[in-house]
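Sequence lines set the chain letters: A, B, ... in the order given, protein chains first and strands last, and positions in each chain run from 1.
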Amino acid sequence: MSVQILLLIGLVLFSVAAVLLKDLIKAAICLAAASLVLGILFFRMGAPYAGAFEISVVAGLITVLFMLTIALTKTGGDVAESKLARVAFPLFFILFLAVDVIVTKNLVQKIVALPAAPEAGAFGEVLWKQRTLDLVGQVCIIFAGVLAVLALFRKRSKDNDD
Amino acid sequence: MVFLFVAVPLVVAGVLPLLGKLSKRVLPDILSNLTFLFLLVYAATAGRQIIAGGPVSQQILWFGEPVQILLGLDGLALFMLMAIALVSLCAGIFSIDYMEHYGAKANYYALFLIMVAGMNGLVLAKDLFQVYLFLEVAAVASYALVAYGLGYEELEAAFKYLLLSVVASAFVLIGVTVLFGLTGSLGFEAVGRGLQELPAGPMAALCAALFVAGFGLKAALIPFHAWLPDAHPSAPAPISAMLSGLLIKVSGIYALTRIFFSVFGLTSLLSNLLMGLGVISAVVAALLALGQKDIKRMLAYSSISQVGYIVLGIGLGTPLGILGGLFHLFNHALAKGLLFLTSGSVQMATGTRNLDEMGGLAKRMPWTAATNLVGSLSIAGVPPLGGFWSKLVIIMALVQAGRWPYAVIAVLASVLTLWYYLLIQRKAFFGKIEERWKDIREAPFWMTAATVILALLCIGVGIFFAAVLKSWVQPAADVLAQGVTAVIPRGR
Amino acid sequence: MSIETITLLTVFLPIIGSLTIPAAGLLSKPLRSLWSVLLAAATAILPLTLIPFALTGGELVIRKDLFLGLDFILVVDPLSVFMAIVSSAVGCMIVIYSIGYIHHDENQNEYYLMVLLFIGSMMGLVFSANLVFMYLFWEIIAICCWRLIGFYRLRDFVRKADKAFLVTFFGAVVMLLGFIQIYGQTHSFDLTQMRGTLIPGSAVLLILFGLFSKSATVPLHTWLPDAGVAPTTVTALLHAAVLVKIGVYAYARLFLATFQIPPLWQQIIPIMAVVSSLVAAGAAAVENDFKRLLAYSTISQIGYIFLGFAVANEAGISGSLRFILMHGLAKAGLFLCAGIVIHATHTKDIREMGGLIKTMPLTAVSFLFCAFSVIGIPPFGGFFSKFLVIMGTVKAGQVWLAAVALFTAVLTMYYLLKAFSLVFLGEAKKPAPEKTVSMVTVVTVLAVASILAGIFVAYPMKLVNIATTQISWWYR
Amino acid sequence: MSPNLLLAPILLPAALAVFFFLVPKRVRLVREILSVAGSLVLLYLAFALFEVKTLGLKIAWLGMGIDFDLRLFHFSSFILLGLAGFLFLISLYSTVKMKDNPRVREYYAYVFLSAALANGAVLSNNFVPLVFFWEGLLLTLYGLITIGGKEANRTAVKAFIISGFCDFAMILGIGLLWSITGTLTLSEISVKPEGLAAASFILMMIGAIGKAGAMPFHTWIPDAAIDAPVTFMAFMPAAFEKLLGIYLLARITLDLFQLEARTTMSIVLMSIGALTIVLAVLMALIQKDLKKLLSFHAVSQVGYMILGIGTGIPIGIAGGIFHMINHAMYKCGLFLSAGSVEHRAGTTELKKLGGLAREMPLTAAGFTVCALAISGVWPLNGFVSKEMVFRGALETGYKVFAVAAWVGAIFTFASFLKAGHSVFFGARSQDVPKVKESPSPLVIPILILALLCITFGVYNKLPLNEFIQPILAGHVEAGAHLDFTAHALSLLNPVAGISILCLIIALGLHLHGWNRAGKKAFLASEPIHNLPVLHNLYNLSEARFFDLYEQGVKFLIGLSTVLSRAVDRPIDYFFEKVVTAVGVKLTSLFQKAHNGQYANYLAWCLAGLLAIVGIVSLVVK
């Protein structure tokens, strides 16, 4: 349990950092880390597909992709810091979390028909039989991710060619 | 075959990168535009017949075995499919010349097609999770497309887009999860029924709030809009046109509308909430647009403002309001697509997006200027263009529903709209030509062709508004209106 | 040809024809000019053929049902025929005059397109019997106007054009709101169905925004003096003669011929009209820019037209209808004279001119004639219109308003004669010859027309009287 | 006689006017012959119509009771005759006087157009054609004054605006009358001037006396005397406008409104008349220019007419109308003589003239007769009409008006003594070279007018019984005998006695002044000019302080400036600056919030979500 709490705290911290950091690369790294932690959380909570999906698409593909491309691109001008944002965001974030906690508490009480977690073995079957379109969608996302990699890295290869 | 709307672009997208090795330009151009054309023609011809007997759901056979691919087509979906096909065809045609210097066209078209497939899938989806999934499909493709220029600015914008979009997805996902938890199902109808049976008012309301925030983010309603003015201008012009013209509407407004009308039912609370958001967006974004120097940023803010109008109309929830909202969605898709495309032409010719540096371009770029004017006036709601009729219907609906304050604000916001569009006209096109632009040239043929098609559509819709309204928009509005009557008795 | 065909042609010939002008311009310039003139002339002649029908006092409704009550409805009655004749005739003159006037300017294709589209939309507006279509044509005219004001494309000019567009658009959309309010009440936009409906005061107020902004009435008037940056043809004929009459016409069509307005507003509107007239006359009296002075004068005279309609009795209405015609002729003449003078002296400041009567006698005399007509001196046409408006006002019991209106007439006399003295008399500061024959001819024709319209006043009066009877249906 | 003949007095001069305007300047002979012949024809026509007496022509015109309605009856035929007569004299005179004027074409056109319009106005039996013709005279007024030369334009504008103002007042009065009576036909209207009708009466009266040139609407006349051609002065202010203005005034008081003696309206009219008499004559007295002096008299004499008509007493009214025709004759004659002097001597400044009687005997004779007539010397026509006015004024019981009229008589005579003395008598001045008598076309009209003055005085039965009495016939109690000639030339009654006393006083004043000024006749009025308070008033007056027009224009400019600065500009400022500034302000406010910080943006999203959740949870409970 404590591991999970630690992971959750890590998730929150990384997310906040991703939002607050002004350096794009660092922000991207934080986002990747947050996604990674989330993926691990999914795994630990018995949702390996979701975990794999999270890590592969969000953490793996997109964030890394951005990280790399941003790193490869010369930086633009500095973004001006705003004190207001620094104050406002944590404020709202904490508020949000607080509300979240309250709501979740209610939620857990209210949810009546929480379905049993599908068996790991049967999951593939369910996925195929019941949620074919989801699968198609996920394939699409991954495919889009791959294409995005191709697209975003084309410049470098072009540069290399030149 | 409803599935074709998703499958065809996907398959073509899969083939394109391979074919791109063979032919870097011509083949991707032809193939992808043919795909868009096919989608358009198919929607226009077959779509009507499919839904002739009412909304349909179709299942797919996979190697003789039935698999659960359930897609639903009704008037609203067909209307959206038409809009998507129309604008993407024009954007596709525009890309033929415009994307020349970006390189890797095959890749670009593939992403483009995936985005279209994602939107089509979203439109046809019949359950909540699918909505989420296709939302992500379109979104992921659009992240890459926004960053397609690979400059620092583009990447930053795309990253910002990604960040906020992920938040949106999270909101939506949480909402979906809670609903799933509450009702044990994900299909629209099943969830709707489940909600009716459950005494779960507050929880459902919470989900509704989450959806408003999530889809509001996607639709860039104020205060969820901040990503859009960065993301849309940074993208290549045809993509800006797609994003502003379609993506925010499909993944934002359509999804929101669909879920609210088919699942929750539009209670007066939701109605007021949506109208409030809509009116704030319409006014604030119009004011923000007024201050922009960057033509595409201005257009982006304008999109937010117009989305506000659409939400205002649909949120009103009366049949007339929905009709107006949907019609405005369509008109805005056409006009904003057109405007972004022309801004692309301008950017290509002058190399700048800064309005202060332009001036008198109409002299050298008459077609671009003329089509831009048509688009501007259409969005500003100047008759006899399409935008006028949709705004008129929205305002009529507002007045009929006795929502005078909203009507007045909507009217005044349209003056603001005209104001900043006149700024574009004055600074970019209408005026004495600047010395430095003496030698610029009109946009290449395909770009011009695309803009002209859209401009003609804007005019045509304006002139034949009755036919368009009757044959396309009314069936779509009926779907929603029926949803309202079906669900409202339950609402408070 | 049937009445129906003629009407439809009157509306759509110039509109569709205007779109072909750029194509004609691609072929050859003379062809384009010829084509434009032909279109304009046809538009001017077509409504003339409706006169016999109009003189019978009949009303013909042409209807194409569309959707949601947004039906396309045209109505042919004495009022619309009268207005169509006046505006298309003036429009035709502008096109003929323009051939000489703008032949070395750029963007002529656009110019002719916009002018003809303007004329066509004007016809559409005049005949429309559906509120929304009225608004639709109203705004097309605004677009044309916007392009035409910014025709010279200088940065500041375009800004002024934007101002004009925005102010009139603002007024118009507010008016649209009023229309929709009426729709909310009657579930119809069809004017022919709503005759006699009592509309709420708020709708009147909303609609007045539109009328006042288009007809440049205080407090929505300041765009008109600024619009003087347009080519003189445009200011002269479009602004002075046709455009600003739209609001007035709409007033007659809506508040007289169709709706009943609350008695309170019947008291307020005449006051607003008179105030507008007075304020504009005051502004004109201190103005030194020739075209702006005339523009203010236009505003001032529009106040009279509103006054005549607003007092809503026979004398007032027929006076105002005549005013539309007479003011169109005279003010166009004044503007064109100003155009000739400005063209020749290259200044717009009347203090920098002087003594021009020596070098341009015809222009000077024409200016004086037109000025007399505007002031309302017999035997010029303007006399009868002003006289009848005043008579109507007095008859409606608004003696004080009539007194103020007459005081405004004194002011008008003062500033027009001041302008005449400064420009044409005294020391010749910038002697400049009268330029082209065509310009002077048109000016002279207008001056002569002003005086003939006064002497042979009975002829236009026939149609005017029938239109008056038709408008004031509540008398019957 | 065909009713269509009524159109002839209008159409004939109008056609001639157009013709004169079109023929080139060189065709002098044709023009002159045609003008004299045309006016003769017109005169004949007027005689013919005078014989016919009653005729009516009604053509439907504009609807709403607005018809082109002409009516010939005694009064209008009388005025018509007068107009035609003066037109003839003036056109004869003009053949010489105006022949070298560069704008002679226009001059003739305007003169004949004026005749056409005046005839039309007199004949009109409907207010709309009446105003049409009446106000149309503004044009010829403006045109004729501008012929005077470069400087004349200012005066022309002044005349135009003043007359225009009066005409507009009349229009308003007509409107009122229309709304009261519901008809525009003159012959159908007869109301008591009470309430709204009183306002209408005053307004129409302003129109009438404004045309006649009474105070305070007179100020353009002295200016025009300097700037405009002298023929114009003889033609318009002296003859035509008096005839028209007083005609209308008489119609107003006699027909349209039932003016009764000793009512408020009557007193108003009499006050205007008395004031005009005294003030204008005081101004006339000190003038150093013959034409200007005459012009002030033209104003002053109007006072007698207004006073006479204003009495509401038959003899007063008759006197007023008689004075009108008399005044037209002698004032026209005086102006023409002044023109004759100007023609030869080249100036009308009293200082430079003197002793011309020997060289220009006929002009001098004509001038003298006319001057004596205007001064009311027995047995000339002026004496007769003035006596009638005095009697009328006395009969009302308000003796102060009679006194004012007598005071006027004193100064009238004094100023004419001065004028005649300076110009024709006394020492021959050295400023003017030797001159000859003027050519006959100049002299003949003067002599005709002088003869008429004598005739109308001595044989006053002729005009009084033939012309004046029928006008009043319908307005006294039926059967009452009207005889105005009873006391006409009698000297042996108090009224005549006082008048004669006035003349003697005037003579005394003149001699006193003449002596004081060292036998310089043109300075004979200086003692009065230099009276303590009067002197200051004169100075103010010379500075146009009392000129209603000058003050009015100042007021107009002030008002315009206020309207422009306080209403128009602020409105424009609102559109130009306030709206844009608010737009920019709001925009920059919102824009500042968009600082490119994700945290910031995300904060909004979260805040938005929280707000929505808040609203939702508040409502859904």
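- Residues Ala447(C) and Phe369(C) share a closest heavy-atom pair of CB-CB, 3.9 Å.
- Of the atoms belonging to Ile390(C), it is side-chain heavy atoms, and not backbone ones, that fall under 4.5 Å from chain D.
- With a 4.5 angstrom heavy-atom cutoff, Ile59(D) does not touch chain C via any of its atoms.
- Residues satisfying the ring pair (Phe, Tyr, Trp, His ring centres under 6.0 Å) test with Phe82(C), not counting sequence neighbours, are none.
- Between the CG atom in Leu416(C) and the CD1 atom in Ile377(C) there is a gap of 10.5 Å [rounded to 0.5 Å].
- Annotation: ring pair (Phe, Tyr, Trp, His ring centres under 6.0 Å) contacts of Phe209(C) (sequence neighbours excluded): Phe170(C).
- Contacts between Leu166(C) and chain D at a heavy-atom distance below 4.5 Å are absent for every atom of the residue.
- Of the two parts of Val279(C), the backbone and the side chain both hold a non-hydrogen atom closer than 4.5 Å to a non-hydrogen atom of chain D.
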Got a list of the donor-acceptor pairs under 3.5 angstrom between chain C and chain D?
| residue | atom | partner | partner atom | Å |
| --- | --- | --- | --- | --- |
| Arg159(C) | NH2 | Glu576(D) | OE1 | 2.9 |
| Lys163(C) | NZ | Asp572(D) | OD1 | 2.5 |
| Lys163(C) | NZ | Glu576(D) | OE2 | 2.8 |
| His221(C) | NE2 | Asp568(D) | OD1 | 2.4 |
| Thr222(C) | OG1 | Asp572(D) | OD1 | 3.1 |
| Tyr296(C) | OH | Asp568(D) | OD1 | 3.1 |
| Tyr296(C) | OH | Asp568(D) | OD2 | 2.4 |
| Tyr296(C) | OH | Arg569(D) | NH2 | 2.7 |
| Ser421(C) | OG | Asn153(D) | ND2 | 3.0 |
| Asn465(C) | ND2 | Leu62(D) | O | 2.9 |

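- Heavy atoms closer than 4.5 Å to chain C are found in both the backbone and the side chain of Ile571(D).
- Using a 4.5 Å cut-off between heavy atoms, Phe132(D) touches chain C through backbone and side chain atoms alike.
- Within the 4.5 angstrom heavy-atom criterion, atoms from both the backbone and the side chain of Leu62(D) approach chain C.
- Contacts of Ile375(C) with chain D are made by both backbone and side-chain atoms, with heavy-atom separations under 4.5 Å.
- At a 4.5 Å heavy-atom cutoff, the contact between Val167(C) and chain D is made by side-chain atoms alone.
- Both the backbone and the side chain of Val131(D) come within contact range of chain C, with heavy atoms under 4.5 Å apart.
- Of the atoms belonging to Leu406(C), heavy atoms from both backbone and side chain fall under 4.5 Å from chain D.
- Listed by chain and number, the residues in a ring pair (Phe, Tyr, Trp, His ring centres under 6.0 Å) with Phe165(C) are Trp146(C) (sequence neighbours excluded).
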